[in-house]
Amino acid sequence: MNVLEVALFIFAVVGVIALGIWKSKGDDGDDSNDASDYFLAGRGLTWWLVGFSLIAANISTEQFVGMSGASANWLGMAIASYEWMAAVTLIFVAFWFLPRFLKAGLYTIPEFLEYRFDGVARLAMAIPAIVTLVFVTTSSVIFSGAKFVSEYYNTVPVLNNLTAMCWLIATFAAVYVFIGGLKACAWTDLIWGAALIVGGAIVMYLAFDRLAEAPASELFETKVANSDATLEQIEAAGAWERFMLLNDGVNGEAEARNGPNGSGGKVHMVRPKEDSDIPWTALLIGLWIPNFFYWGLNQYIVQRTLGSKSLAEGQKGIVFAAFLKLLIPFLVVIPGILAFNLYSADLLNATTGQYDYDRAFPVLVRNLIKPMPLISWFVLAALCGAVISSLASMLNSASTIATMDLYAKFTGERDQKKLVKVGRFFVVLFVILAGIVAPRLDNFESIFAYIQEFQGFISSGFVAVFIFGFFSPRTPRYFGAVGIGLNVVAYGAFKWFLGPIMVENGWWYADKMAFLDRMAICFFIVMLAGIILTLVKPMKTPVVLPVNENIELETSQGAKVVGVVVVIATITLYAIFW
C-alpha cells in the first residue's frame, strides 16, 4: 500500500465530508432542528447543486461495479440504454412531474398519493419504498462499494475482507447523514459529482492507452466470435480501431447475438428479441417504466428536486443532469468492455472457475492506476465519495419516508425538533439492517440485475397509478391501492407461473421472459384496470390538490431549449451505436 496514496485519499474524503457538514449548519453555526432543513435542505437548492446532486446520488459503485460488469459480459453497449434513455426521461420529469410535486409542497412522493387517492395508497407506496431503499438499493451500494475496495486492495488484510468493508462503509455513511441531512448531501455531491466524471475520464483514457500498447495476440483471444478481424489488422490498428475490431468487427459485421459472452458484437444498443435482459422489445415500453419510476417517483432521487429553490432552478438542475447522463456510458460502459479485452484472466474466479464480471471496474482500476499514487488517490476518493454520498442520500430518503409518511401520519406529531430526532433514529436503524444484508449479496451473479428485478414488483404499478393521478382527476380514489397491489400480484404471476407456462408451450418468442417485458405487460394490465374503473365508476367531483404558495412556479424557458438539445443528442448517439 502506498503511504502517499492513502494519506491523500483520506484527506480528500474527510475534507469533503467536513465541508458538507459545515455547509449543513445554520447561519448561527448550529445544526438545524427544522424538518424542512434536515429532510429538504430548507427548500433552497440552486440548479447546479440539484444537477450535480442528482448525478452523484445516482452514479455510484452500483454503476461502476454493476453496470460495467454487465457491459464486460454479453450486454456490452446495450446496458447504456439505462443512461441514455434516462436523459430523455429527465426532460419529462422536469416539465411534467416536478411542477406538480412542487405545487403540492410535498415532503415525500407517497404524500402525493394521499392527496390524489387515499391514505391506503400512500402506505402502499411508502412501505415498499422503505423496504426497497433499505434492503435493495442501500444494501447493494454498500456491497458494491465494499466489493470495489476489497478487489482493489485484494492483498491487504481487513481491506480485502468484503464483510468488514461493508460495515465500515455503512458506518461512514450513517455518521454523515445523521449529522448533516440532505443539505450536507447536496454540497458534497457538488464535489463528488464533478470528481466522478473527471475520475471516470481518467480511467477511460488510461484503458485506451493500455489497449493501444497491449500485445495483439492477447487481445485477439477476446475478440467476439462474429468479428472478421485478423491478428494483423489488430496489430496495425490504433486504440479506438482495436476496440471496434474486437467488439464490432471490420465493417460492423459483428452484430449482437443472443448467447454467452463473446458470441456476438458488443457495440450495439439494440439486441435480439430473445435476449434475456435487454431485448429490443424492451426499448419500446419496458425500459421506460423503470426509468420513469427511478427518475420521477423514487424518493431517493426526487428528494433533491423537492428541495429546489424554485421550479425554474429545479428544471435547470434536472436538464443539466440529463446532459451529464449522456457522458456516463463513456465512463462506465465502454471501460467495462475494455476490462474484458485487457484483463479477462483477472475476471476469472479461481474458486468457481467462472467469470466474475462485477470485478471488471475494480480490476481495471487496480491494473491501471494503482502504480500511479498521484492519480490513484483522486480516482479512489471520487469513487469512495460517491458511495458515501449515495448511501447518505438513500438513508436520508428512507428516514424521510419513515418519519413523514409513517411516524408523523400515525402519531400526528408536528414538533420540528422531534421529527428530526425521529429521522435520525431511523437512519441508525436502517443502516444496521442494510449492513446485515449487504455481504449476502455476493451470492448474486449480477448486482445490477438483482436491483432491477426487485424493482419490477413495484415500478410498473407506481408509474401507471401516477399517470392516472396526474391526468385523470375522476379516477376513483381506491384505484391507487388497487393498482399498486395488482402490479405486485401480476408481476409475481408472470415471473413464477404464467411466464414459464407461456415459454414452455411456445407462446412466447424467447426461451425466457425478460424482466423488462414482464414490466411492460404488468403496466398495461394496471392501465387497463384504471381505465375500466374510471369508465364504470368515475368520481362525481374532480380531485383538487393542495397548492404551495411559498415557491415560485414559473417554468424556465432556457431549460426547455437545452432539453430539446439533449433529446436530439440522445437520438444521435443511438444512431451511432445502433
Side-chain angles (χ1 to χ4, degrees), residues 35-36 38-41 43 45 50 53-58 60 62 86 89-90 93 97-98 100-102 104-117 121-141 173 177 181-183 185-186 189 289-308 314 317-318 321 389-409 419 422-424 426-427 429-431 433-434 451 454-455 457-459 461-463 465-466 469-470 480 484:
S36 177
Y38 186 74
F39 295 121
L40 294 179
R43 298 187 189 271
L45 298 181
V50 171
S53 188
L54 283 171
I55 292 300
N58 165 241
S60 181
E62 175 191 336
T89 302
L90 279 166
V93 170
F97 287 49
L98 187 62
R100 290 169 171 80
F101 292 155
L102 290 184
L106 304 180
Y107 269 90
T108 69
I109 300 304
E111 189 178 355
F112 177 88
L113 291 181
E114 181 164 22
Y115 295 148
R116 172 55 187 87
F117 295 104
R122 181 177 185 177
L123 290 178
M125 184 176 193
I127 294 174
I130 293 172
V131 172
T132 303
L133 279 167
V134 175
F135 295 106
V136 182
T137 53
T138 301
S139 59
S140 64
V141 170
V177 70
L182 182 63
K183 192 178 291 184
C185 295
D189 286 348
I289 296 170
N291 264 293
F292 273 105
F293 169 73
Y294 182 87
W295 291 104
L297 305 176
N298 182 1
Q299 180 73 24
Y300 150 58
I301 290 296
V302 180
Q303 188 157 335
R304 54 254 310 120
T305 67
L306 296 180
S308 300
I318 294 174
S389 183
S390 292
L391 290 177
S393 299
M394 292 172 183
L395 291 169
N396 180 253
S397 298
S399 69
T400 302
I401 295 175
T403 302
M404 306 306 292
D405 290 312
L406 300 182
Y407 178 82
K409 177 176 173 57
L419 291 175
V422 172
R424 285 173 169 155
F426 279 121
V427 167
L429 174 63
F430 292 156
V431 80
L433 294 174
I451 296 169
F454 189 92
Q455 298 278 21
F457 283 93
I458 57 176
S459 56
F462 288 146
V463 172
V465 165
F466 270 86
F470 288 159
I484 294 170

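Worth knowing before you read on, the calculation uses all heavy atoms, side chains too, and leaves out hydrogens, waters and symmetry mates.
In this structure, K409 NZ and R122 CZ are separated by 5.5 Å, a value rounded to the nearest 0.5 Å.
Taking the six-membered ring for Trp, F462 and F292 have ring centres at least 6.0 Å apart. In summary, the aromatic rings of F466 and F97 are positioned with their centroids too far apart to meet the 6.0 Å limit.
Closest approach of A104 and Y115 over heavy atoms only: O-CE1, 4.3 Å. Between A129 and I401, the closest heavy-atom pair is CB-CD1, 3.8 Å. The two residues S139 and A434 come nearest to each other via the heavy atoms CB-O, 3.7 Å. Between M394 and V141 the shortest heavy-atom distance is CE-CG2, 3.4 Å. Nearest heavy-atom pair across S399 and G423 is CB-O, 3.3 Å. Residues F430 and I130 come closest through the heavy atom pair CZ-CG2, 3.7 Å.
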Side chain to side chain contact (heavy atoms under 4.5 Å, CB included) between M125 and V465: does it pass, once the steps are laid out? CA-CA 11 Å; M125 184 176 193; V465 165; over 6 Å; no
Would you sort out whether S397 and L133 count as a side chain to side chain contact (heavy atoms under 4.5 Å, CB included), showing the intermediate values? CA-CA 8 Å; S397 298; L133 279 167; 4.2 Å; yes
Does the side chain to side chain contact (heavy atoms under 4.5 Å, CB included) test come out yes or no for Y294 and T89, once each step is laid out? CA-CA 10 Å; Y294 182 87; T89 302; over 6 Å; no
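Two residues are said to be in side-chain contact when any heavy atoms from C-beta on lie closer than 4.5 Å; F293 and I458 meet this criterion. Within the 4.5 Å cutoff, no side-chain heavy atoms of L306 are placed close to those of Y107. Residues T305 and F101 are not in side-chain contact: their nearest non-hydrogen atoms beyond the backbone lie 4.5 Å or more apart. The shortest distance between side-chain heavy atoms of L391 and T138 falls below 4.5 Å. With a 4.5 Å cut-off on side-chain heavy atoms, I301 and L54 count as touching.
With hydrogens and angles disregarded, no donor-acceptor distance shorter than 3.5 Å links the side chain of Q303 to the backbone of N298. Without hydrogens or angle criteria, T403 side chain to T400 main chain gives no donor-acceptor distance under 3.5 Å.
Applying the side chain to side chain donor-acceptor pair (under 3.5 Å) test to S393 and every residue at least two apart in sequence or in another chain returns R304.
Evaluated for a side-chain contact (heavy atoms from CB on, under 4.5 Å) with Q299, the options I109, N396, L106 yield exactly one hit, I109.
A cation-pi arrangement is absent between R100 and F112 under the rule of less than 6.0 angstrom and at most 45 degrees off the ring axis.
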